[in-house]
Amino acid sequence: MDRDKRRLSGVLSSLSLFCVILDLQLHGLSAANHAEIEGHLEMGRKLLAAGQLAEALTHYHAAVDGDPNNYLTYYKRAAVYLAMGKFRSALPDLSRAIQLKPDFLAARLQRGNILLKQGDVQEARQDFLSVLQSSPTNEEAQSQLERVQEVERNVGGASEAYERRDYYGAIALLEKVIEFSPWDPSARELRAECYLQVGELSNAVQDLKPTTKLRNDNRAAFLKLSKLYYSMGEHGESLSQVRECLKLDQDDKECFSHYKQVKKLSRQLEMAEELIREQRYEDAIEKFEASVKTEPRVEVYSTRAKERICHCLSKSQRTEEAILVCTEAHQRDPQNPLILRDRAEAYILNEEYEKAVEDLLQAKELDGESEEIKEGLERAQKLLKQSKKRDYYKILGVKRNANKQEVIKAYRKLAQQWHPDNFQSEEEKKEAEKKFIDIAAAKEVLTDPEMRQKVDAGEDPLDPENQQGSGHHQQWPFEFNPFGSGNYQFKFNYH
């Protein structure tokens with residue numbers, strides 16, 4: 001019996017010693033863990049002050065994991081989330097801090113502010129009332145509670161205005177709602193709908209864009225944005241938005257159907273523009289015509305196609321067609337200076353200089369900054385002035401886009417017709433000589449690339465007025481006898 005008592009006493013003594021040692025070890029571990037948590041909090045504070053938010057967040061994560069019952073650590077991590085603009089992530093931390101310490105007024109105020117910005121006015125009211133219950137004189141809580149009430153009034157008023165189709169009235173009230181609740185997607189969606197009703201598509205787009213982030217999996221907003229951009233003629237942006245919808249769900253039928261349409265049209269228009277850059281104007285015209293067949297209902301695309309076909313016809317020097325198509329394009333889009341510029345070029349090729357000047361003057365009024373239009377107008381005015389004096393193209397009866405062989409052919413025919421040897425009377429010979437000289441001058445100018453370039457710029461390279469300041473007059477550097485026969489040989493000195 002005594003032996004059993006001694007054995008039991010020894011066991012108890014050993015157990016007591018073990019507990020003491022264990023307690024000391026746990027205390028040491030707790031102290032080490034506490035020091036580690038404090039280290040993370042201190043590093044988080046320093047990084048937050050330095051603006052290194054992501055790095056600061058990592059330390060606050062570690063601090064929360066190390067002590068999941070510390071309300072202040074949750075509050076500090078929420079502050080980092082807010083600094084990063086991640087208000088959704090901040091809310092659970094603030095709620096946890098309040099759960100751990102219900103009388104933590106700073107966390108309640110912060111959560112109430114976020115809820116108000118989200119448009120969750122009922123929950124926001126509860127937080128502000130709780131703060132005022134503990135601290136009746138809290139000015140921030142009083143002010144925010146008044147804002148909650150104002151938001152509720154304006155939301156109700158906006159809904160009523162929308163129902164009675166007072167869209168501008170609703171927009172004005174929603175402006176005030178969004179001022180205090182900028183993260184409320186429903187307010188922005190309603191205002192976007194109002195803008196659509198009054199035809200202000202760009203403003204509707206600006207309201208819908210934030211809702212893609214304010215709501216999770218907001219495919220409806222991406223699709224609506226895509227369709228809006230499409231209707232505005234911005235097919236590239238439309239394609240980007242519908243792709244965002246498909247990233248959320250690649251099997252979304254509405255988004256996929258719209259994607260196929262936008263993709264096809266975008267491809268045609270992009271290829272057409274690439275062909276223009278390659279100066280393959282005929283192929284570009286085919287692509288633009290195909291784009292109209294792809295999308296015949298949205299007028300902006302058919303209008304744009306007309307404008308670009310006008311450009312292609314003008315560039316390919318199909319003057320009659322260009323004037324016809326450009327005129328139709330101008331009727332559709334009278335404020336587009338590029339159409340007027342391209343039609344003016346066609347008029348110049350058709351030697352209708354007054355009409356070209358008129359178009360370019362109008363284009364300049366629409367776009368006074370365009371150097372291309374300014375230079376085109378100056379050229380057209382010179383050509384108009386020149387046409388009233390001597391027009392080398394008219395003398396030979398060739399178009400402005402005639403090549404060198406066509407110029408020589410026309411010259412030979414006219415030179416043979418007006419050679420002075422073909423006329424008998426002195427009066428007829430003098431008239432023929434005058435015309436013969438003009439024909440020879442036209443041939444010489446239009447077969448010389450440098451002189452022809454001056455003519456096309458609206459200058460007369462043989463006009464003495466253009467030689468002023470150069471110290472000499474243009475000398476004709478040739479003796480002319482077109483067929484090597486007849487009594488007339490001319491050495492031309494142009495005065």
Side-chain angles (χ1 to χ4, degrees), residues 40-41 44-45 47-48 51-65 67-102 104-131 140-141 144-145 147-148 151-152 155 174 177-192 205-225 241 244-249 252:
H40 282 303
L41 290 172
R45 185 189 64 78
L47 290 166
L48 179 59
Q52 296 175 258
L53 304 180
E55 293 83 354
L57 188 60
T58 301
H59 285 283
Y60 283 115
H61 284 328
V64 168
D65 291 341
D67 186 2
N69 295 315
N70 188 328
Y71 74 94
L72 203 53
T73 307
Y74 284 103
Y75 183 73
K76 289 177 179 178
R77 187 169 69 174
V80 179
Y81 278 131
L82 288 173
M84 297 174 76
K86 297 181 177 181
F87 61 90
R88 282 203 195 93
S89 299
L91 270 179
D93 275 0
L94 291 170
S95 295
R96 178 61 176 155
I98 293 167
Q99 183 184 6
L100 291 168
K101 188 174 175 57
F104 190 14
L105 301 187
R108 283 198 180 274
L109 272 174
Q110 193 66 270
R111 187 174 70 174
N113 289 337
I114 293 173
L115 291 168
L116 174 58
K117 287 184 177 181
Q118 287 186 161
D120 298 324
V121 289
Q122 296 295 339
E123 294 178 51
R125 174 190 281 103
Q126 291 303 317
D127 272 337
F128 297 135
L129 286 173
S130 293
V131 172
E140 184 178 355
Q144 292 298 81
L145 189 58
R147 287 185 172 183
V148 166
V151 167
E152 285 181 317
V155 167
L174 289 166
V177 172
I178 292 169
E179 181 184 353
F180 295 141
S181 301
W183 303 335
D184 180 6
S186 59
R188 291 185 178 275
E189 286 163 352
L190 181 57
R191 190 169 68 172
V205 164
Q206 292 307 310
D207 264 341
L208 283 174
K209 272 188 172 181
T211 69
T212 61
K213 296 177 181 177
L214 294 171
R215 289 194 194 279
N216 291 324
D217 191 27
N218 200 351
R219 283 173 285 154
F222 281 119
L223 180 59
K224 194 166 187 175
L225 277 168
Q241 296 297 326
E244 291 300 319
C245 176
L246 291 171
K247 283 180 186 178
L248 295 172
D249 182 0
D252 188 297

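What you are looking at is a predicted structure, and each value in this text was computed from that prediction instead of being measured.
- Across all their heavy atoms, Ile178 and Ala187 have their closest contact at CG1-CB, 3.9 Å.
- Here the straight-line distance linking atom CD of Glu123 with atom CZ of Phe128 works out to 12.0 Å at 0.5 Å rounding.
- In this structure a side-chain-to-backbone donor-acceptor pair under 3.5 Å is present from Tyr74 to Pro68.
- At least one donor-acceptor pair under 3.5 Å links the side chain of Asn218 to the backbone N or O of Ala221.
- Here the side chain of Ser181 pairs no donor or acceptor atom with the backbone of Gln118 at under 3.5 angstrom.
- For the pair Leu72 and Phe104, the minimum side-chain heavy-atom distance is below 4.5 Å.
- In this structure, the side chain of Arg111 does not engage the main chain of Ala90 through any donor-acceptor pair within 3.5 Å.
- Contact check for Asp93 versus Tyr75: no side-chain heavy atoms found under the 4.5 Å cut-off.
- Taking 4.5 Å as the limit, every side-chain heavy atom of Pro185 sits out of range of all side-chain heavy atoms of Lys213.
- Residues meeting the salt bridge (Lys or Arg N to Asp or Glu O under 4.0 Å) test with Arg215, sequence neighbours left out: Glu189.
- Contact between Thr73 and Tyr60 at its shortest, heavy atoms only, is CG2-O, 4.3 Å.
- In this structure, Asn216 and Arg88 have side chains that are in contact, with non-hydrogen atoms separated by less than 4.5 Å.
- For Lys117, the NZ atom sits in a loose shell: 12 or fewer heavy atoms of surrounding residues, nucleotides or ligands are nearer than 6.0 Å.
- The salt bridge (Lys or Arg N to Asp or Glu O under 4.0 Å) search around Lys224 returns Glu193, not counting sequence neighbours.
- Taking 4.5 Å as the limit, every side-chain heavy atom of Leu41 sits out of range of all side-chain heavy atoms of Arg45.
- Between the side chains of Glu140 and Asn113, at least one donor N or O lies within less than 3.5 Å of an accepting N or O.
- How far OG of Ser95 is from CG of Leu100: 11.0 Å, rounded to the nearest 0.5 Å.
- Between Gln206 atom CD and Leu225 atom CG the span is 9.5 Å, to the nearest 0.5 Å.
- At least one side-chain heavy atom of Ile114 sits less than 4.5 Å from a side-chain heavy atom of Leu82.
- A pairwise comparison of heavy atoms in Pro182 and Leu214 identifies O-CD1, 4.2 Å as the closest pair.
- With rounding to the nearest 0.5 Å, the separation of CG in Leu115 from CG in Leu91 is 5.5 Å.
- With rounding to the nearest 0.5 angstrom, the NE2 atom of His40 is 12.0 Å from the CG atom of Leu47.
- Closest heavy-atom contact between Arg108 and Pro102: NE-O, 3.3 Å.
- Interatomic distance, CG of Leu145 versus CG of Asp127, reported as 11.0 Å (0.5 Å rounding).
- By the salt bridge (Lys or Arg N to Asp or Glu O under 4.0 Å) test, Glu152 is found to be paired with Arg125, residues two or more places apart in sequence or in another chain being considered.
- Taking all atoms of both residues into account, the shortest heavy-atom contact from Ile98 to Ala107 is CG1-CB, 3.7 Å.
- Under the 3.5 Å distance criterion, the side-chain polar atoms of Thr212 are left unmatched by any main-chain donor or acceptor of Leu208.
- Between the side chain of Arg96 and the main chain of Asn69, no donor-acceptor pair closer than 3.5 Å is present.
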